[in-house]
Amino acid sequence: MEKRVSFVHCADIHLDAPFSVFENENLSSERRRDLKKTFEKITDMVVSENADFLLIAGDLYEHEYAARSTIGWINEQFRKLGPKPVIIVPGNHDPYVKNSWYRSYQWNDNVHILTSENPEYFDEKLNVYFYGIGFDTFLQETLPVQKPPHVMPGRINICLFHGTLEMQFTQSPYNPIDLNRLAGLGFDYYALGHFHSRSEVFSDMGMINPGSPEPLGFDEKGDHGVYLVELVKNEKLKRQFTFVKTQQRAYREVDVNVEGTDTFDGLSKKINEVLQSEDSRRNIIRINLTGKLSPGFYIDPELLKQQFESACFSLQFNDMTRPMYDPEELAKEKTLAGVFVRKIKERMEKAGEEDRKILEKALYLGLEALFEGNVNISD
Amino acid sequence: MKIKKINISGFGKFEDRQFGLEPGMNIFYGCNEAGKSTLQSFIRGMLYGLKGGKRTKDGVLPPVKQYKPWTAKAYGGSLEYELDNGSKYTIIRNFDRNTVTVYDEYSNNITGNFPASREEGVKFAEQHLGLSEGCFERTVFIGQLQSIINSEGKKVIAERLTNIKQTGDEEVSFRKAMDALKQAQMTYVGSERTTTRPLNIISARLQEAIEEEQQYIKLHNGCMDMFLELEQLREKENHLKTKLNNLNLMKEKTVKKIEADKLENIRKSLKNYHKRLEEIEKEIGSREEELNDVLARLKEYEAFGSFSGNAAEEMVSDYTNYILLRKELEKLETESSETERKIREIQNELQQYAVFSRISSEKTDEVIQEVLNYNRERAGAEKQEKQSGGSGKYISAAGLVLGIIIILASFVIRPYNSVITTAGLLISVLTGILLLIAAKRGKMPPEEIEKRRTEERKYLENAAMLNKWMEEAKADNIHDFIRLKNIYEDKTRRLNELLDSREKHNSDKTDILKSIEAYEARILDRLVSANLIKSKAFCDEDVRKWKKGLETYNTLVQKEKDLKNVLASLNQTQESIYREASVIAGSEMRLSADLEKEIDRIGNELETLKASADISPEGTGSLTPDEIDPDIKRVNEELNDTVLNINTLSTRLENIPDGEMIQKAHEKVMILTKQKDKKLFLGKALETAMEVLGEASVDLQRNYSPYLNEAIGKIVDKITGGRYSDVMADDSLRLNIQPPGIAEKVVPEQLSSGTADQVYFALRLATVMLIENGGETLPLFLDDPFVQYDEERTANALKLLSDESKKRQIILFTCKKREVELAERIFDKEVNIINL
């Protein structure tokens, strides 16, 4: 008999997460509202697409930050789904710890939380078996010991997994599991979570990592959303999945080379171009100012920010410019500057990444002090 | 630079003094305390200013206070000098006000042309001499040559030497760069020692933010824990509610069970009552039947109903008396016929004694008596009297005894016979009376004796009569007559007696008959009443029947009474059972049917109870409601406590602020951490820059050591007359000398003191030369440098100075006249000697 289900698979929503990239706390609040909007979009989608259920593969909310009102709000969203099941596996940000909301909150009847204590749920009506591997603690270096799954061919079997797929080189303290071992469990679909960038790499094994439906930082570029999945099972299993973008905003990081620019107007022009092309009113923009500064031309990122802020949702400048000195040339001199440059370079060769940054900064500061007799620091 | 004029308005001991100086050798000569040091301080002070402030650590006054003039009003003066390029300057200072004015040779105030700082004042000397005060002091001021350069001095000189060489052409100052970096560090970063710098401010804010975040985290966790607790309390509440419910059910069941038991007991009692009632009713039925029989029979005997209670006794008594009387009558009739026969007999006999019947016996007795009395008066008649009297007495006594015996016997012999008693009594009374009569008889009164004469006359008459009678009676004599008479009298008496007896018999017979009739009448009356006979005759059998009938009647009456009593008692019992049943059932029970109905009703109720009591979650065991109550109370209390806790906790939770505080606090921490990291990064970069710059400078200095060494070598060679020429100074300006013919290098201290001094002097000179580095030629200030020198060495040194004085101004302070003279000789009068 043919079995057919369709569902929405999401993960890593991180409701109520703090956002430390914004110096303006209103923006952080706005981003938290964005998370809620995105989540609402997801639950709405379950209804509008007439999906059978909703899968949340961990990190639905931030245990350490989630407000009571937010938990209530989440439950409200679930309530809107009526009888459609919501299957949740706790992640490392919302682990099934002692005082977890998953324990202490009275969730709707359609909400099923799969924990190490109770990792399975079978929906008779849909004939779908759910099995979850999630987090009991914030850091879980080995998989939680739990009841083995009961995968049966006569039904659709879905595994929710929040953690790290252990491949040859990765080692992670977050639920590491060997890819083949996971695949070997024989589920029809693996709803993964934990990594914020979406991945269909193992989709042929039925594994999808939807990533965060709303990006949470500059390290989460690209499109963000959830998967609408359809499984059809008769003699053969047919999986069909569609990525649906849900994000409210995107993180955009752009380099602007200031070399050859020695006026504020010139720089403004370049920046304006970037802001326009990156939809700065919606997106979160970070501009890396690079290149060598013309002599006597200094950049004050704070001032720049003030200049352009009004046209942006969030704008940051990262001053990576360097003074117009030529350390290579200077190193050749038998002057104090020459000795200084050589010594810095010697140190840099031995230094780690962090120290190298410090040394590089020290280099330009020293040269500026030597040549200008003062140090210009943009704070 | 050459100092041309020193003009002191007031400085230490000096007041309004002027000194003119020559471009070459100048010697200030004065004994100790003449003011050599003060003068040196004045020159230095004029160029670089005097340090103010408080006392130094070792208690020395700061220079500005130390040199405050003792008497002069002004504190300061002027200094004129000329630079190598020929430009001339006049410096005017007022140390009191800490003011300085620089004039050029045209008296222009050019003070403003020089950089100035609040702490160091106008920095003209630095510019004109190309070196700082420290450097100036440590290089151009030379004291006793053995106390050469202290470590602090060495550092200053080394830095100066470094600067001279490498930054000179490029106009880059190491010092300036270091200052700039330090300045930047202080301005933009700060350090752990500072408190008000950006890093400190950020650190403090961060600390504050962290604490705030911690508070929110604590609040958040507390809140989560409370929520968990609340959830657990809610679970507990449900659990307790179920428990309470179960207990209540259990109690209800127990109550029902008890109720059922009670009902069962009532039913049982009622059944018992019912059974008893049935028995009683049956009993009543049979008794009533019995009673009816008795009543029916009583009807038969109802004639007996008119008899009194002792009728039976009366009947017996009557009948017995009747029989007795009948027998008595028979006897009496027998006796009567006997008496009749005897009467006839006696009457027949009395016909022989007719005479006595004609005369009265009293007359006869009177005649005989008189005759006899007359005769007895002669023969004493006492004896007779006594004899007759005595025998009477005995007879009477015997009769009395006999009567008494009969009475007693009548009482002893059974059955009692009243007739016998009466007979005994009669006999006794009679004999008693006889006895009394006999006793009365006896003595004659004495008066009667006189009557005898009368009696005698009468006698004769009587005797005649008597004789006549005797004849008639055919009596032989008187005595015979008397005897006859007595017989007659006896017989008469006997007859009388019999007649009496007959009379009595007849009377008795009448009485008896009367009695018999009375009895007979009564008996008959009864018998008739009892319908036993119709005629007036009855027999024993009738009486017996009557008796039997009465007995039966009485028995029946008794039986009726008994039965009625029994029935009454049964009814009473029945009533009391109904009463008890009513009490037990709680409703009025009047009939057996009521009871049955009640029993049925209770039965139904029991069924219902049992049916409902069976639906229980737990077995009740043998618990009673009283035993369950404490549990219910306890659980209830626990439940109330739990509900209270829930409410308290809910209220507390409601009052805990909910929102984004924790995120915002965290974000603040993150932002400040980032800012701090940035500052730390900058600080590290600046520190690294300074550190590396320092290292680079030391490296450079090391590179300049050969120059220094070369210069020293030349000077030492000159001083020692070529004995020592190979002198090396290390990074920290420690000297090593290669003595001639010795393989190893030695430190100056290993040489003779004179040689050592020479070497150090050479070092100082070389240092000055190197520091100048083709810049402004510096004057050399020597303060008693040759204290330990012998004359030859002093001369050699002076010669060295003489060469030197051709290019530079030398100002020598000494207290030795000998040195002054030596100088005059060596310098060939080209020496400016100033006496202090």
Side-chain angles (χ1 to χ4, degrees), chain A residues 16-23 25 28-29 32 62-72 97-101 103-106 333-344 346-347 354-355 357-377 379, chain B residues 162-163 166-167 169-170 172-174 176-181 183-184 187-188 198 217 220-221 223-225 227-232 234 653 656 658-671 673-674 678 681-682 684-693 695-697 699-700 703:
Chain A
D16 270 2
F19 287 86
S20 51
V21 292
F22 305 106
E23 299 206 351
E25 65 172 35
S28 300
S29 298
R32 279 189 278 281
E62 290 275 342
H63 175 87
E64 290 181 329
Y65 299 99
R68 272 168 291 158
S69 52
T70 300
I71 299 301
V97 288
K98 198 182 152 229
N99 60 1
S100 166
W101 291 115
R103 278 184 209 269
S104 60
Y105 194 81
Q106 299 265 353
E333 290 180 9
K334 286 180 179 173
T335 57
L336 182 59
V339 179
F340 175 73
V341 172
R342 283 199 297 279
K343 282 192 166 288
I344 292 276
E346 273 168 33
R347 286 192 179 206
E354 202 57 38
D355 283 344
K357 280 184 191 163
I358 292 171
L359 284 163
E360 196 182 341
K361 184 76 182 170
L363 174 70
Y364 289 109
L365 286 170
L367 289 176
E368 202 177 344
L370 280 171
F371 294 126
E372 310 293 330
N374 60 59
V375 178
N376 200 303
I377 289 166
D379 205 6
Chain B
T162 316
N163 272 351
Q166 95 276 51
T167 63
D169 296 341
E170 301 163 56
V172 174
S173 163
F174 164 72
K176 211 172 172 183
M178 288 297 268
D179 284 349
L181 291 168
Q183 189 63 40
T187 310
Y188 298 107
I217 286 171
H220 181 75
N221 288 338
C223 185
M224 304 263 284
D225 290 345
F227 217 90
L228 182 71
E229 198 185 334
L230 191 65
E231 182 55 28
Q232 285 164 348
R234 287 201 173 118
L653 264 169
I656 292 174
D658 185 43
E660 297 180 306
M661 304 85 63
I662 187 165
Q663 290 98 321
K664 286 184 175 171
H666 181 71
E667 283 156 5
K668 200 167 159 190
V669 167
M670 294 305 282
I671 285 162
T673 305
K674 217 154 97 183
K678 217 165 137 187
F681 175 79
L682 184 63
K684 273 185 191 167
L686 286 166
E687 263 170 38
T688 310
M690 283 189 272
E691 191 185 309
V692 176
L693 207 54
E695 277 180 26
S697 119
D699 262 23
L700 269 177
N703 292 342

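Letters A, B, ... are given to chains in the order of the sequence lines, protein chains preceding strands, and every chain is numbered from 1. Since the structure is predicted, the reported quantities are computational estimates derived from the model, not experimental observations.
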Consider side chain to side chain contact (heavy atoms under 4.5 Å, CB included). Of B:K664, B:E667, B:M670, which one does A:S28 pass it with?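 For A:S28, the side chain to side chain contact (heavy atoms under 4.5 Å, CB included) check succeeds only for B:E667.
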Nearest heavy-atom contact between A:A362 and B:A685 is CB-O, 3.1 Å
To the nearest 0.5 angstrom, please state how far the NZ atom of A:K98 sits from the CG atom of B:D225. 6.0 Å
Closest non-hydrogen atom pair, B:N221 against A:N99: O-ND2, 4.0 Å
Side chain to side chain donor-acceptor pair (under 3.5 Å) against B:D658, all qualifying residues, sequence neighbours excluded: A:S69
Specify the closest pair of heavy atoms between A:A67 and B:G659, including all atoms of both residues, with the distance to one decimal.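 Residues A:A67 and B:G659, closest heavy atoms: CB-O, 3.7 Å.
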Tell me, for B:E695 versus chain A, whether the close heavy atoms (under 4.5 Å) come from the side chain, the backbone, both or neither. both
Distance (rounded to the nearest 0.5 Å) between B:Q663 CD and A:E62 CD: 8.5 Å
CE of B:M224 to OG of A:S100: how many Å apart, nearest 0.5 Å?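 Here the rounded value is 6.5 Å.
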Partner residues of B:T673 under the side chain to side chain donor-acceptor pair (under 3.5 Å) criterion, sequence neighbours left out: none
Parallel, tilted or perpendicular: which describes the rings of A:H63 and B:H220, with under 30° parallel and over 60° perpendicular? perpendicular
Where do A:R347 and B:E691 land on the salt bridge (charged side-chain N to carboxylate O under 4.0 Å, His left out) test, with the steps shown first? CA-CA 12 Å; A:R347 286 192 179 206; B:E691 191 185 309; 2.5 Å; yes
With chain B, the option among A:E354, A:K357, A:R103 that has the most non-hydrogen atom pairs under 4.5 Å is A:K357
For residues B:K684 and A:I358, report the shortest heavy-atom separation together with the two atoms involved.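 Closest heavy-atom pair between B:K684 and A:I358: CD-CD1, 3.4 Å.
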Pairwise distance CG(A:L365) to CG(B:L682) - rounded to 0.5 angstrom: 6.0 Å
Interface moiety of B:I217 toward chain A, non-hydrogen atoms closer than 4.5 Å: neither
With a 4.5 angstrom heavy-atom cut-off, which part of B:K674 approaches chain A: side chain, backbone, both or neither? side chain
If every non-hydrogen atom of B:V692 is compared with every non-hydrogen atom of A:F340, which pair is closest and at what distance? CG1-CD1, 3.6 Å
Answer yes or no: is there a side-chain heavy-atom contact under 4.5 Å between A:E64 and B:I662?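 SC-SC contact between A:E64 and B:I662 ruled out.
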Under a 4.5 Å heavy-atom cut-off, does chain A meet the side chain of B:L230, its backbone, both or neither?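 Neither the backbone nor the side chain of B:L230 comes within 4.5 Å of chain A.
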Residue pair B:C223 / A:R68: nearest heavy atoms and the distance that separates them: SG-NE, 3.3 Å
